[in-house]
Every structure is written in C-alpha cells, then in structure tokens.
Amino acid sequence: MPESTFLVEDFLEALTSQLDRTQDALRLKAVNRPLTYAIRDFSLELKVFVEMGTDGQVRFRASGPNEEGASMVQIGFTTVTRPMIEENTVSLSAVKSPTLEELGLADDERRRLERLGVRNAIQLDRLGRSTGEATVARYAGIPVNRLRSALQTGRPVVRGAVPAPAPAPPRAPAVPAAPEGPPPPAAPRPTPRPIPRPAPRPVRPPTAAEPVAPPTAERPPPVLTPEPGPTGRPVAGPPIRVPGGTRRLRIEGRHLADSVEAVRLEGEPLSVEEGDDDGIVVDLGDDPRSGELHIDLGHEGVVSLALAIEPAPDAEMDTETVETETEIEAETIGADNGHDPWRAS
Amino acid sequence: MRVELADTLVALLGGLPDQDGHVRVSEIDLSVPVEVTTGLSGGQVRVWAHPPHSRWRTGVLPPVHQLRLRVVAEDEAGQP
C-alpha cells in the first residue's frame, strides 16, 4: 500500500478503531479468566511530516526510510467514563439538525464556519441569534445574504397534508402443525338449496319523445365551510379535504421530524406516529372532525391548516345495496306465488 | 509482512503473565519501539505497527517510533 497523506482526524479515528479492537479482544479473554489486563493509557511518538493541503486542511505523512527533518508528534489516549463523554460532547438532538452541506454552503464556507464551532443549522442559528448575523458573516468571511439564505434553507416548512395509508398489520404467528393421527371422519355435505332466480326485467327501447336517461351521475360532494378556529382568525389557504374514515394524516414539508413539537386539531393534541425529513404522520383518532389543524414548530412559530373531513362514502353505498336486495326479494316472492309482476293490473 | 496495531497490542498483552500465581501484577508500563506505516485500505485510513525488522541501521528500513502502554490488572467487575 503506497504511503499517502491523511487528515489528522482520519488518523486519530484509525488509532481509536485499533484500540477498540484490542479492548474487545481483552474483554473476550476476561470471559474465562477472573483477572485480566486492560489498557489504561496509550501514547505513540510519531515521526511525521506535516503538510497543508490546497483545501486548507492539515495532513500527516509518516516519515519514510532515511528521511530527516520529520516532526515529532506525541498522541496520547486514556480511558474515559460515560459521564465524561456526555459532558464533553454535543447532544444528539443537535446532531439531527441539517448539516452545513445540506444548507447549500460551499466547502470553504463550511470549513470557515467549523473553525467557529458551527457544524449544523441549529448551531448556526444559535450563534446568529446571540451575536448577530453580521458578526458571524464578518468572522466567517461569508456574505450576510448568503448566511440568511442558508438559514432559510434549514428552516422547517409545511407544504400540505394528505391521507396516509394504514400501517401493514403484523404477521400472525405461525400456527403449530396438528399432531399426526388418523384423519377425522368427514362430515356429510348438506344438499344445496336451489336459489330462485328472479325473472328478467324487460328493457323498453327509448322512444323519440323520451330522451335516453344519462348514466347515473355522481352526486356532487357537499361543500364544507371550515368553522373558525379557537383564535377566531380565519385560516389562510383552501381547506384540506380528506375522505371520511381517514385515521392517519401525513403532513408534508421539509425538516419536520425534528422541528415539530406538537400537533393539535381544534385544540385536541394528536399523537405523532412516525416521521422523516419530508413529513410526519399523525393519528386523527376514531372520530375526527373538521377544523383548524395547528402544527407547533417551536421557536419557528405555529402553522395552521384548515382540515375538512368529508362524509364517509360507505354509509351511502350500504343504503343502495339494501334497496336493491329488497327489490329482488319482492320480485322473487311474486314469482314463487304465481303472481306475474309484469302483467298489467 | 505488516501487522496491524491492534494485533501487535493483543500479542503484547498476551505475553504478560497470568494472574494465577502467588505474585500478582497490578500494573505494567511498556515502552516498545515499533515501525509505523499508514495507508488507505477499503477507503479508510489503516495503521500498521509492529516491532522493527532489525536493530541495524540500514537506511532502507522505515524509522522506528516509540509506543508507550500502561496496562492495569482488572477483575470481572472492571475493578483494579
């Protein structure tokens, strides 16, 4: 493998990986031995040549045979406890924020901000709020409008809402096979009862005086007017219509999973079931009603959407089915009794 | 042949005396000369470190670096 330059952080990560492997091997040995050894401190005096890359990053190159003038770097590692790690590292919630690369910043802009301790959108926003955007722009050497554009890119956005499909039901556990034995005697099959068939209905051809009835037209959906919200202010934008019986609603947007603090429908809190960077899914409950949907984005404010629940189509279909069955039953009874329903009375 | 740093450390620690006898070792400080080489393997930086090939100064072998290791004896609960 040819020698090459490498970043300082990559070299330290490689050393850490080797030490972790060593600790794992010692841990395995401790399974069968009551007393074993553990590495407490590790240090390496390394002769390297330090170079500065064209990207402004410091790189190491291990010295080769018969090379003089190498620098001496002493790298030390020690064991730390979990509380020490938690005190000295960034919280995981800050790590979930969009990175500087996702905000659209160039590599050199990103490195200049990293020198100020900024690695993601939350840290950039916090620094801008505490010191001012102009100060951050001056120290980072980035134009103010460029910083504002990057911050705007990282802010959460709500685009709309659509019904979400129900999650896949969990697979039923496999039923154990029945114990082997003689098969039970088969039950006698009942003789099928003849099903009476209704008499065919004669079709009258359309006459010139009577226009042909058009096919069944769909009933126009009822127009719903969203009720004013609890604040009394009208909600901007057309209402979002969802069919009746919708249980889950997907709120679509950008950077929502980590920004949404609460979702309420007419003041009633809704549970957030799942979410990703493009949206979240909320549970509307058993009997949702139309009204104002509030999405709390924390310090970014509250977004309001008008939600209109349309009546369930199943109730209308059941009524029509019952009516059809009643007609067939009436005709069947008439045929069985010898009454000809088509004979003019 | 190059040996990874982890394998060298495991071999070093494997050569330490077991705690079966009447004399118990509580702590060991090791200072070991090693030849260190680095390179890319699988897209990641890898570190190879192993005892030097020879004690002679040949001018063609990699330079020798110093590795210091402090090892403590621990029981099953991780207590010294």
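Just so it is clear: chains get the letters A, B, ... in the order the sequence lines come, proteins before strands, and each one is counted from 1.
Separating the CG atom in B:Leu69 from the OG atom in A:Ser43 is a distance of 8.5 Å, to the nearest 0.5 Å. A distance of 7.5 Å separates CG of A:Leu44 from NE2 of B:His65, quoted to the nearest 0.5 Å.
No more than 12 heavy-atom neighbours from other residues, nucleotides or ligands sit within 6.0 angstrom of CD on A:Glu101. Counting heavy-atom neighbours within 6.0 Å of A:Gln74 CD, excluding the residue itself, gives a total above 12.
Using a 4.5 Å cut-off between heavy atoms, B:Val64 touches chain A through its backbone atoms (N, CA, C, O) alone. Heavy-atom distances place no part of B:Leu30 under 4.5 Å from chain A, backbone and side chain included. Neither the backbone nor the side chain of A:Leu7 comes within contact range of chain B, judged by heavy atoms closer than 4.5 Å. The contact between A:Ala25 and chain B is made entirely by side chain atoms (from C-beta outward), counting heavy-atom distances below 4.5 Å.
Side-chain atoms of A:Arg21 and B:Asp7, non-hydrogen and from C-beta on, do get closer than 4.5 Å to each other. Taking 4.5 Å as the limit, every side-chain heavy atom of B:Leu40 sits out of range of all side-chain heavy atoms of A:Phe6. Counting heavy atoms from C-beta on, the side chains of A:Arg40 and B:Glu27 never come closer than 4.5 Å.
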Open item on the list: Using the rule given for side chain to side chain contact (heavy atoms under 4.5 Å, CB included), can you reason through A:Asn66 versus B:Val60, listing the C-alpha separation, both sets of side-chain angles and the distance that settles it, and then say yes or no?
Closed with: CA-CA 6 Å; A:Asn66 212 20; B:Val60 297; over 6 Å; no
Task: salt bridge (charged side-chain N to carboxylate O under 4.0 Å, His left out) between A:Asp41 and B:Arg68, worked out - done: CA-CA 8 Å; A:Asp41 293 304; B:Arg68 288 193 175 83; over 6 Å; no
TODO: Check the pair B:Thr8 / A:Thr22 against side chain to side chain contact (heavy atoms under 4.5 Å, CB included), numbers first and verdict last.
DONE: CA-CA 9 Å; B:Thr8 300; A:Thr22 309; over 6 Å; no
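Of the listed residues (B:Ala49, B:Ser31, B:Ala6), the one with the most heavy-atom contacts under 4.5 Å to chain A is B:Ala6.
For A:Val48, the side-chain contact (heavy atoms from CB on, under 4.5 Å) partners at least two apart in sequence or on another chain are A:Leu46, A:Val50, A:Phe60, A:Val73.
With A:Leu15 as the partner, the side-chain contact (heavy atoms from CB on, under 4.5 Å) test is satisfied by one option alone out of B:Thr38, B:Leu5, B:Val45: B:Leu5.
For the residue pair B:Pro62 and A:Pro65, the shortest heavy atom distance occurs at N-CG, 3.9 Å.
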